[in-house]
Amino acid sequence: MPTNKDLKRLVRARMRKTGEAYTTARSQLLKKKTPKAAPLVRPDYAALAGMSDEAVKAKTGCTWERWVGALDGAGAAAWPHREIARYVAEKYDVSGWWAQTITVGFERIKGLREIGQRRGGSYDASKSKTIGVPIAKLYKAFSVKRTRMRWLPNDDLTIRTSTREESMRITWGDGTAVEVHFTGKGPAKSLVSVQHRKLPTKAVLNDMKAYWGERLSVLANLLVAKPKPAR
């Protein structure tokens with residue numbers, strides 16, 4: 001704010017310029033311009049959730065904005081994960097997998113978890129790869145230790161449970177958990193998906209994503225290695 005002397009000088013200058021009376025000129029100078037409010041920018045819900053609006057609408061009938069509005073209206077941000085997923089499934093007749101997807105996306109949008117992070121604070125690293133071999137061969141590369149050690153040289157793991165050519169649950173040496181799922185893509189092609197769970201930090205998450213990406217590439221090269229030409 002100007003001092004009284006400065007203000008009087010500004011008032012007189014305005015009086016000379018506009019012909020206003022002293023009181024009017026002073027009043028006009030003291031009026032504060034109300035700054036224009038910045039336009040509201042809606043968050044990019046799809047980027048925060050990790051899935052496009054088109055994909056989620058195609059499967060659930062609603063965009064992320066609609067889901068956020070519905071769940072905010074129900075006060076779901078204060079609920080535990082399981083309760084949100086159950087509410088989405090029952091209230092809106094959404095299948096189990098997509099109810100989980102909506103719940104995780106909503107939690108990410110509301111800042112309750114990051115991409116790759118669980119509500120409890122731990123992180124999950126996910127990697128998948130399609131390899132040109134039958135699913136039986138791919139499954140054996142995990143289940144048969146001698147083969148596994150050729151591409152995953154880690155003897156400090158325990159296979160807890162497994163369903164032949166479908167899935168496998170592993171305890172890693174540090175106590176973290178690994179889930180592996182196998183999907184046939186035809187007689188000579190199959191997909192392996194690895195989820196390494198309970199990782200303590202985002203840095204470890206990034207390290208394990210890189211690790212599994214590298215190991216699965218080694219596995220693919222091992223399984224589809226071309227035979228050496230006969231001499």
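What's counted below: heavy atoms across the whole structure, side chains too, no hydrogens, waters or symmetry copies.
Of the N and O atoms on the side chains of His181 and Gln195, not one donor lies less than 3.5 Å from an acceptor on the other residue. Under 3.5 Å, the side chains of Glu65 and Thr63 contain no donor-acceptor pair of N or O atoms.
Residue Arg66 holds its CZ atom at 11.5 Å from CG of Asp53, rounded to the nearest 0.5 Å. For the atom pair CE of Met208 and NE2 of His196, the computed distance is 4.5 Å after rounding to the nearest 0.5 Å.
Looking at Glu83 and Arg86, their side chains come closer than 4.5 Å, going by heavy atoms from C-beta outward. Side-chain contact between Glu166 and Phe182: absent, with no pair of heavy atoms (C-beta onward) separated by less than 4.5 Å. Put simply, the side chain of Val133 reaches to within 4.5 Å of the side chain of Ser190, judged on heavy atoms. Two residues are said to be in side-chain contact when any heavy atoms from C-beta on lie closer than 4.5 Å; Met168 and Ser143 meet this criterion. Residues Lys189 and Thr130 form a side-chain contact, since some pair of their non-hydrogen atoms from C-beta on lies under 4.5 Å apart.
Salt-bridge annotation for Asp72 and Lys110: present, with a side-chain N of the basic residue lying under 4.0 Å from a carboxylate O of the acidic one.
If you look at Phe106 and Trp79, their ring centroids are not closer than 6.0 Å. Taking the ring centroids of Trp67 and Tyr92, they lie under the 6.0 Å cut-off.
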